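Worksheet: the structure to be examined is printed underneath.
If you're wondering where the values come from, they're calculated on a predicted model, not measured in any experiment.
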Amino acid sequence: MRILYTDVLVIGGGLAGLRAAVGARRRGHDVIILSLVPAKRSHSAAAQGGMQASLGNTAKGEGDNEDVHFEDTVRGSDWGCDQAVARLFVHAAPQAVRELAAWGVPWNRVRAGEREVVMDGRRVTLSERPEAHGLIAARDFGGTKKWRTCYVSDGTGHAMLYAVSDKAVAEGIPVHERMEAIALIHEGGRCHGAVVRNLVTGELVAYVAKATCIATGGFGRIYRVTSNAVINEGIGAAIALETGAACLGNMEAVQFHPTTIFPAGILVTEGCRGDGGLLKDAAGHRFMPDYEPEKKELASRDVVSRRMEEHIRAGHGVKSRFGEHLWLDITLLGAAHIDGRLREVKEICHHFLGIDPARDFIPVRPAQHYSMGGIRTDARGEAHGLAGLFACGEAACWDLHGFNRLGGNSVAETVVAGMIVGENIADFVESPAGELQVSTALVREFLAAEQAKLDTLLQGNGSESATDIRRRMQDIMTDKVGIFRRGDLLTEAVDELQALLQCSRRIGVATRRPGSNPELVAAYRVQKMLKLALCVAYGALQRTESRGAHYREDHPRRDDANWLKRTLAGWSDPFQTLPSLAYEALDVRHMELPPGWRGYGARDAIEHPATAPRAAEIAAIREAFGHADRAIVQQALMPYEHLVPLCFRGHNARLGDAW
Amino acid sequence: MSTDTPRQLTLRILRSSPGEGIAPHWQDFHVEEAEGMTLFIALNEIRDTLDPSLQFDFVCRAGICGSCGMLIDGRPGLACRSLTRDFGPLITLAPLPVFALIGDLSVDTGSWMRGTAERLETWIHSRAEADLMAVEAPMAPELAEAIYELDRCIECGCCVAGCGTLRMREDFVGAVGLNKIARFRLDPRDERSDEDYYELIGDDNGVFGCMSLLGCHDVCPKGLPLQTQIAFLRRRMVAVGLK
Ligand SMILES: Cc1cc2nc3c(=O)[nH]c(=O)nc-3n(C[C@H](O)[C@H](O)[C@H](O)COP(=O)(O)OP(=O)(O)OC[C@H]3O[C@@H](n4cnc5c(N)ncnc54)[C@H](O)[C@@H]3O)c2cc1C
Ligand code: SF4
Ligand code: SF4
Ligand code: FES
């Protein structure tokens, strides 16, 4: 049995993990990154549309700043997010974009002068300021007041991931590829690293570290129809859950993206609509303005996805042999725009649908896309209940997104969280708490326990098929825990998933070879994925309200009076078949932006008793400060600066600043 | 494709398991074609229903991540975005050559590409630390777009597998490596000079090893302008060599 020692173990080589690793490395610590695949193949590469940061360089972004980005993010979250984290995030996002620019990301740049764009179905001429020429440009995205989404054509995630990945190479950080963390080593509320399986040789290795950071991305593959990569199975979140010490936050908050190609579920970016594309039904009618007169196609994703499904239910879907869908029309943007700014979309349409989006409509339907929930951490990125364990990126829930994340806020979150959590990890490692105190006996115990589980699968007399169980789980999730949720269906889902979890303890693996063995991998992963599925389904069943992406047909109103709280799911006994749920209240009395109407979607929320007093208090503070600088007013409303690592404090300069 | 009688496809796959000492051999699998079937769908169907031990690599299944390069009827390509309807009823699949074989259709492109990154130092070399609070340095919009054009490489290795030089000279940087140099050379944020690049690729393992047969250009799934970039780099490097 092999044991490797390092200061910092980062599990995950996507944008979040890589950026956190670079931060810790630059502070002088040894870092090892683990990844299922070469780092540059992580799913961050698939992000197309862009990254939000309030640079305010473009004509439609003028006047943008942290305050506007903050409000958009909180409204987007349907008041489910942690507002202090949202503040921290909007503050650091401009720095993250600028850092990436210095590291080589070829951000699209502003071209001074007049240009034609498509807005709301019409061609409009915009005039860009001469002084902004060559600065980082931005496009429009859903749920935002300003054009704020910085982009590199529609290969934003690719360009970002390559830049950060190459930076990690420059810093000499090793990435151990095809290595899968399958358990965390921990004792007495302290995490000491992970048990890791080599996917090529099958060997188990213990990585012992002062600090461990999980950055394993989302878990979309618990659903049948998803835009996520096939490796997005949530094993990182699951092993945190399985410690029984850490917990998962808001797992029922699952985002469905409006435009994935039908039926394959491959994403075409929100940039299609941001740049002026329209949604149409079987009759060729543009239906979104009927439902959402203000934001139309550019309401937040949860709202647009629901409206689309509602429209299909009303009989307006396009019928095909695979089922019904709607159309995304980007023909009005013109071939030149598509060739320059939407080329991945063009390639996807060409290869998977055999169509040219400059001439043909794209068949689309919503599909699972993003996991707002994840490993619950504090604003420093440290997990609840397990010292020395950190998490960042889509795998984490420090809670920037609440119940709905805005497009472009996720890749932004990965690098921002990486910057911040990387510093906090370094602080931890340098503190007395970061001292490595672990016995090899404990490590061996964990290794042996994992080996025993694998041996049971390989040599036991189980007869259930992992593939079948997996397919049933995915069907249940897509059919019963999807966009529209209902108590009776959720109850069925929870019962069926529990039965499947029992079944999964009797899986048999026919391929006995010890090394690379996809069948064995499927077997141990589905056991973990079922636990995540149960957290989602059971959390959704208990939450008898509708908030953001969590929509209950039997409880259609947002209920701030009873549900302004975060779900925490734990799994302390390996033999339990349901997660233990607890709740963490969001305190209205400290919010900078108390709950209200989002500016789109429903207006019938049930008010929290503290909302009106807090709103009055805020009005009084604003009044008292008169025309003081916005940063000073903000500070009085909800201080957050203590959360910002020293190196990232200060004022983000913008064009035309008075500073 | 006629919809009432789906084709019966044979996928002839070159199987192997070096870890267990199982040498390469062909094995046929039969699947019924479905509408819109890609090799990603077909291979998963085989693994789910016929042989759970079959090894292959997919991640994004959308032609974006570069994981699924393989020889499809002898030609390097991305399996995930190859539609079966574009092929005959017998499709042969083999792992990409040059890269270390893991098993069946799975090869280790990752270590190879990491090696390339370390050797060619494929990152921005800049002495100045950027001030993250300040307004960013401007860049001409056209230049940013031109850099992105070369930045689109997904390190799939298809060009490497299609390259004659690489079969003979294993230290050759390949079209992927040359393209990366072209990308950083174009980027003014990288302060390296042509002399610096000459150190990296000014020999037979670099740009002078390339025989310009363009096996790479034709197979690049991202349609990168490899031909023009390699020719251009060669001229620049010849110029440095003559100095
Ligand atoms: C198709 C698509 C398009 C998107 N477009 C946008 C967009 O335009 N804008 C935006 O803001 N967001 C977008 N998103 C969301 C965003 O891309 C992701 O949320 C984000 O990139 C996740 O980054 P990450 O670093 O957290 O995880 P990932 O990039 O998914 O990386 C996870 C890493 O963890 C590793 N890993 C996983 N499990 C293990 C394990 N058990 N052991 C070891 N390693 C492990 C993987 O190998 C990988 O390296 C998009 C998402 C999708 C699916
Ligand atoms: S042109 Fe050069 S790099 Fe491309 S395949 Fe031929 S020898 Fe290889
Ligand atoms: S240059 Fe083209 S073929 Fe070669 S690795 Fe890059 S994307 Fe693949
Ligand atoms: S699986 Fe990503 S390119 Fe084929």
Side-chain angles (χ1 to χ4, degrees), chain A residues 37-38 40-41 43 45-46 95 98-99 101-104 106-111 133-136 152-153 155 158-159 162 166-167 169-170 175 177-178 200-201 229-231 263-264 266-267 321 340 344 347-348 351-352 467 510-511 513 515-519 522 648 650-655, chain B residues 3 17 19-20 35-36 38 47-49 52-55 57-67 81-83 102-103 106 108-111 113-114 117-118 121-124 126 129-141 143-145 147-148 151-152 154-155 184 187 189-190:
Chain A
V37 295
K40 285 173 176 165
R41 312 217 190 284
H43 203 51
Q95 298 172 45
R98 287 167 175 165
E99 178 175 83
W103 290 0
W107 296 113
N108 271 70
R109 302 286 172 145
V110 178
R111 187 174 281 125
H133 186 76
L135 298 184
I136 295 170
V152 183
S153 180
H158 166 88
Y162 272 54
D166 282 334
K167 190 73 190 172
V169 178
V175 180
E177 298 172 6
R178 296 182 191 259
V200 178
T201 65
V230 298
I231 61 166
I266 296 172
L267 185 93
R321 55 177 295 195
E344 295 297 332
E347 277 191 19
I348 286 168
H351 289 287
F352 295 94
T467 318
T511 317
R513 71 171 179 231
S516 169
N517 185 342
E519 192 185 2
F648 301 123
H651 168 79
N652 293 312
R654 288 185 185 78
L655 203 61
Chain B
T3 41
S17 178
E20 297 169 292
E35 192 176 312
T38 58
R47 183 147 93 187
D48 285 354
T49 59
S53 72
L54 184 64
Q55 296 178 68
D57 292 319
F58 290 100
V59 177
C60 72
R61 59 84 171 87
I64 289 169
C65 74
S67 298
R81 68 174 207 192
S82 299
L83 292 164
I102 292 174
S106 174
D108 182 5
T109 50
S111 309
M113 294 295 170
R114 169 94 184 198
E118 287 171 353
E121 303 188 3
T122 57
W123 55 85
I124 298 285
S126 163
E129 263 306 308
D131 175 0
L132 304 185
M133 298 292 171
V135 172
E136 65 278 7
M139 174 182 270
L143 179 59
E145 283 165 27
I147 295 170
Y148 177 59
D151 200 54
R152 292 181 75 237
I154 55 173
E155 299 190 358
F184 285 95
D187 195 329
R189 295 169 292 198
D190 195 320

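- The side-chain heavy atoms of B/Glu145 and A/Asn108, taken from C-beta on, include a pair separated by under 4.5 Å.
- Remark: side-chain polar atoms of B/Arg47 are not paired, donor with acceptor, to backbone N or O of A/Pro518 under 3.5 angstrom.
- Expressed to the nearest 0.5 Å, how far CH2 of A/Trp107 lies from CD1 of B/Ile147 amounts to 13.5 Å.
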I would like to know whether B/Asp108 and A/Glu177 meet side-chain contact (heavy atoms from CB on, under 4.5 Å); could you show each step before the answer? CA-CA 10 Å; B/Asp108 182 5; A/Glu177 298 172 6; 4.1 Å; yes
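- In terms of non-hydrogen atom pairs under 4.5 Å with chain B, the most contact-rich of A/Gly155, A/Gly515, A/Gly340 is A/Gly155.
- Every residue was checked against the salt bridge (charged side-chain N to carboxylate O under 4.0 Å, His left out) condition with A/Glu519, not counting sequence neighbours, and none meets it.
- When each of B/Pro141, B/Pro138, B/Gly66 is checked for heavy-atom pairs under 4.5 Å with chain A, B/Pro141 comes out on top.
- Between B/Ile124 and A/Trp103 the shortest heavy-atom distance is CG1-O, 3.4 Å.
- Contact annotation for B/Asp151: both backbone and side-chain heavy atoms come within less than 4.5 Å of a heavy atom of chain A.
- Rounding to the nearest 0.5 Å places CZ of B/Arg81 at 5.0 Å from CD of A/Glu347.
- When A/Ala522, A/Ala45, A/Ser516, A/Pro38 are compared by the number of non-hydrogen pairs under 4.5 Å with chain B, A/Ser516 comes out ahead.
- For chain A, the option among B/Ile154, B/Asp190, B/Asp187 with the highest count of heavy-atom pairs below 4.5 Å is B/Ile154.
- Contacts between A/Ala159 and chain B at a heavy-atom distance below 4.5 Å involve backbone atoms as well as side-chain atoms.
- Heavy atoms only, all atoms of each residue included: A/Pro106 and B/Ala144 are closest at CB-O, 3.6 Å.
- In this structure a side-chain-to-backbone donor-acceptor pair under 3.5 Å is present from B/Arg189 to A/Gly104.
- Only the backbone of A/Arg654 comes within less than 4.5 Å of a heavy atom of chain B; no side-chain atom from C-beta onward does.
- Per-residue heavy-atom pair counts under 4.5 Å with chain A were compared for B/Ser111, B/Ala130, B/Gly103, B/Ala134, and the maximum is reached by B/Ala134.
- Atom CE of B/Met113 is separated from atom NZ of A/Lys40 by 9.0 Å, given to the nearest 0.5 angstrom.
- Residue B/Ser106 touches chain A through its side chain alone, counting heavy-atom pairs closer than 4.5 Å.
- For the residue pair B/Val135 and A/Leu655, the shortest heavy atom distance occurs at CG2-N, 3.9 Å.
- For chain B, no part of A/Asn517 is nearby; none of its heavy atoms comes within less than 4.5 Å.
- Judged purely by distance below 3.5 Å, without hydrogens or angles, the side chains of A/Arg41 and B/Thr109 pair a donor atom with an acceptor atom.
- Contact annotation for B/Glu20: only side-chain heavy atoms (C-beta onward) come within less than 4.5 Å of a heavy atom of chain A.
- Residues satisfying the side chain to side chain contact (heavy atoms under 4.5 Å, CB included) test with B/Ala62, not counting sequence neighbours, are A/Ile266, B/Cys60, B/Ile64.
- Between A/Arg513 and B/Ser17 the shortest heavy-atom distance is NH1-OG, 4.3 Å.
- B/Phe58 places none of its side-chain heavy atoms less than 4.5 Å from the side chain of A/Val37.
- Looking at B/Asp131, neither its backbone nor its side chain comes within 4.5 Å of chain A, counting heavy atoms on both sides.
- Taking A/Ala101, A/Ala102, A/Ala264 one by one and counting their heavy-atom pairs under 4.5 Å with chain B, the maximum is reached by A/Ala101.
- Contact of A/Glu99 with chain B is made through backbone and side chain together, with heavy-atom distances under 4.5 Å.
- Proximity to chain A (any heavy atom under 4.5 Å) is shown, for B/Ser126, by neither the backbone nor the side chain.
- Highest contact tally toward chain B, considering only A/Glu344, A/Arg178, A/His133, is held by A/Arg178 [criterion: heavy-atom pairs under 4.5 Å].
- The two atoms that bring A/Val230 and B/Arg61 nearest to each other are CG1-CG, 4.5 Å, heavy atoms only.
- Contact count against chain B (heavy-atom pairs under 4.5 Å) is highest for A/Val152 among A/Val200, A/Ile348, A/Val152.
- Looking at A/Val175, both its backbone and its side chain come within 4.5 Å of chain B, counting heavy atoms on both sides.
- Between the B/Glu136 side chain and the A/Ile136 main chain, a donor and an acceptor come within less than 3.5 Å of each other.
- Neither the backbone nor the side chain of B/Leu143 has a heavy atom closer than 4.5 Å to any heavy atom of chain A.
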Where do B/Thr122 and A/Val169 land on the side-chain contact (heavy atoms from CB on, under 4.5 Å) test, with the steps shown first? CA-CA 9 Å; B/Thr122 57; A/Val169 178; over 6 Å; no
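- Options B/Gly19, B/Ala117, B/Ser67 differ in how many heavy-atom pairs under 4.5 Å they form with chain A, and the most are formed by B/Ser67.
- In this structure, the side chains of A/His651 and B/Met133 stay at 4.5 Å or more apart for every pair of heavy atoms.
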